Amino acid sequence: MILVTGGAGYIGSHCVMDLCKNGMDVVVFDNLSTGHIETVEKLKQFGNVEFVHGDLLNFDDISGVFNKYKNINAVIHFAAFSQVGESVENPQKYYINNVGGTLNLLRAMLENKVLKIVFSSTAATYGEPKYIPIDESHPQIPINPYGQTKLMIEHIMDDYNRAYGLRSVRLRYFNVVGADDDINIGEWHNPETHLVPNILKSCFGDGKVFNLFGDDYDTRDGTCVRDYVNVVDLANAHILALKYLENGGETNFFNIGTNNGNTVREIFDACEKTTGKKIALDVKPRRAGDPATLVADNTKAKNILGWVPNHTLMDSIKTAYNWEVKLQNK
Ligand code: UFG
């Protein structure tokens, strides 16, 4: 059985679905602060999914999961706050929750001799890029508390590996987009801060305008370049990481991106094309903390995990749109 913390959230739920499709039993642990119980209910249709409502900051909550499910053999850890801007305004919230919560999880794992973990890390651990594409040897100098918390956890995992033999795979995600191909689940944040859902939300009447943050960057059209990776492909990277650990793989870390960058304007145009709608756009000043370009070098994930992204950007925008239509009707 696999324990998935944060399995009611956007990326976690897609991973649970993939685990189910691979015939694995799952226990989802989530405090539902940003995840949704409806998502968990939907996931139960795809396999053996148990749900425990609890908080990682409460050691008894997470320890209780290991007491109840004695056959947990690995953990995939998504539960975290993940908004960069919010982390700058309220760093304490991020350090306590992301680092403190992970310490409790790791303690419960050690006490129960569960010594394999796949962890959601982020491109934000690299900070301002010194070169593009970014490979895993790029210096990790985060420029916001969110990235700091993820990097601290990577370091903690290295120390626990040396001292206790706890092996980890850290997946450093770039920009995640899209929804499950059958649109059972998708991205559901409140408030939404991410690019693609924000563009798509602007095409449902009610006078909403999409705000584009900065068109004076040193890029091909002046807007920021990001590497957009499909959420189903990303979920699959976790399955491969789990298999890697099960086959005795050592602690490791991988970029999960596509090696391709797209500008905000290109994404905007692709959304207009997919929806067939004219979307209102306002150019606003730059958003604090946005680097001009972030693109992954994913060679290592391809070579060692055998990970291959199968979805195109248009696939991702299509599923994101179809999911957004569903959300609007909720
Ligand atoms: N953007 C807009 N308008 C919006 C939202 C975003 O113009 O309404 C722009 C941003 O300024 C940026 C780009 O679209 O240039 C992408 O922004 P997102 O907020 O979608 O994503 P980020 O690149 O800021 O952050 C994402 C994750 C982080 C992670 C980071 C790593 O949300 O958790 O990728 O690259 F750390």
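Every number for a ligand or one of its atoms is a count from 1 in the order of the listing. Numbering starts at 1 and runs along the sequence shown. As the structure is a prediction and not an experimental result, all values here were calculated from the model.
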J.: Using the side chain to side chain donor-acceptor pair (under 3.5 Å) definition, which of the options E136, R172, Q140 pairs with Y126?
T.: R172
J.: For the residue pair F78 and Y173, does the interplanar ring angle fall in the parallel (under 30°), tilted (30 to 60°) or perpendicular (over 60°) class?
T.: tilted
J.: Closest heavy-atom contact between L19 and I76?
T.: CD1-CD1, 4.1 Å
J.: Write down, by chain and number, every protein residue that brings a non-hydrogen atom to less than 4.0 Å from an atom of ligand 1.
T.: S82, T122, A123, A124, Y146, N175, T193, H194, L195, N198, F210, N211, L212, F213, C224, R226, Y228, V264, R287, D290, L294
J.: Using salt bridge (charged side-chain N to carboxylate O under 4.0 Å, His left out) as the criterion, list what pairs up with D216, not counting sequence neighbours.
T.: R286
J.: Does NZ or CZ of K330 fall inside the cone over W188's six-membered ring, less than 6.0 Å from its centre and within 45° of the axis?
T.: yes
J.: Between Y146 and F81, is the gap from one ring center to the other below 6.0 Å?
T.: no
